[in-house]
Amino acid sequence: MVIPLSTPATEGALLVPYPATLDVLHELVEHVAWLLYEQRRARNTRWRRLGCFQQALLALVHLRKNETFAQLGAGFGISQATAWRSVDETLDVLASWAPGLHEALTGLGEGDHVIVDGTLILTDRIRADEPYYSMKHRKHGMNVQVIARPDGTPLWFSRATPGRTHDLTAARAHGIVQACLTRQILVLADRAYQGASATFRTPYYHHHEQPEHYQQFNREHARLRAPGERAFAHLKSWRLLRRARCSTRRIGTIVQAVHTLLTCSYSR
């Protein structure tokens, strides 16, 4: 089967599908298919071009491999528009199952500690898109905050905000600072969060010029905070989030959808 690729840049080109594998658990595809089935039954949806399992697989391929909708359509024998609608619907279903902030912190309280950090989801933006340009990274993107367990397991991902948003500003806007303060949860964070609240612990500036116990604190702080990078590693193992080509308004939904997938993977 050969499907024409009808885009202005490659007019007349052909896409040839080929056998490939996807590095996700079969049970995860089945779980997403079940969520789609429940939604279709609730809406009394009629016939679709793709069954629930194939639609789930289509969305996971898009997230995991960051293939274009034209490539997805060629691989699944559907049009580019159908591929886009199917992926978009699946992302909305998955995002609706992502835990909220207060739900994620349930069971945590005084005596517990978490890791808070921010990352930049790169996007295809032009230099004129000033709100999305991060001076810290010197790149365009969207800021996403994460709360992780001490072992790096993500508890919660925030919605995406423009890349120029400072980490502390984002943490306050998402309610992270107040939620952790209310529950008296100890938070380990980098210097960007200095002044957040009494429960936030950040490294000392110019620690090499400070007494030895200041330097020891920074070393211990870095050791305990390091596992938090695993949360972003898990997030960006889904290649779509290494460099997003979609609208910036959809990145938050994609992050929440991936969080649902990660939560399902951890529970298995």
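Side chains included, hydrogens not; waters and symmetry mates left out as well; all remaining heavy atoms used. The residues of the chain are indexed from 1 along the displayed sequence. Since we're looking at a predicted model, the values are computed, not measured.
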At what distance, to the nearest 0.5 angstrom, does CD of E30 lie from SG of C52?
12.0 Å
Does NZ or CZ of R191 lie under 6.0 Å from the centre of the six-membered ring of Y205, at an angle within 45° of the ring axis?
yes
State which residue, out of Q54, Q55, Q71, fulfils the side chain to side chain contact (heavy atoms under 4.5 Å, CB included) condition with F76.
Q54
With distance as the sole criterion, is a donor-acceptor pair present between the side chains of T153 and R230 under 3.5 Å?
no
T82: what forms a side chain to side chain donor-acceptor pair (under 3.5 Å) with it, not counting sequence neighbours?
S79, R85
Neighbour count above 12 (heavy atom, 6.0 Å) for Y37 OH:
no
Compute the ring centroids of H140 and Y132, then answer whether they are less than 6.0 Å apart.
no
Apply salt bridge (Lys or Arg N to Asp or Glu O under 4.0 Å) to the pair D112 and R183, showing each step before the final yes or no.
CA-CA 10 Å; D112 296 312; R183 289 173 170 78; over 6 Å; no
Is the F217 ring parallel, tilted or perpendicular to the H221 ring (thresholds 30°, 60°)?
tilted
What do the steps show when you test E89 against R40 for salt bridge (Lys or Arg N to Asp or Glu O under 4.0 Å), and what is the final call?
CA-CA 11 Å; E89 179 185 42; R40 291 185 185 186; 5.1 Å; no
Measuring centre to centre across the rings, with the benzene-like ring taken for any Trp, is H62 within less than 6.0 Å of F69?
yes
Residues in salt bridge (Lys or Arg N to Asp or Glu O under 4.0 Å) contact with R242, at least two apart in sequence or another chain
none
Keeping the roles fixed (side chain from R245, backbone from N66), state whether a donor-acceptor pair exists under 3.5 Å.
yes
Close side-chain approach of I115 and L224, heavy atoms under 4.5 Å
no
So Q256 and T253, side chain to side chain donor-acceptor pair (under 3.5 Å) or not? Walk me through it.
CA-CA 5 Å; Q256 298 303 312; T253 301; over 6 Å; no
Say whether, by atom type as modelled, one donor and one acceptor occur between the side chain of T90 and the main chain of S86 under 3.5 angstrom.
yes
E220/R201 ion pair, N-O < 4.0 Å:
no
Any chance the rings of F53 and H26 have centres within less than 6.0 Å?
yes
Would you check, one step at a time, whether the test side chain to side chain donor-acceptor pair (under 3.5 Å) holds for R159 with H174?
CA-CA 8 Å; R159 67 182 186 277; H174 297 314; 3.2 Å; yes
Approximate separation, where rounding is to 0.5 Å, of E67 CD and L58 CG
9.5 Å
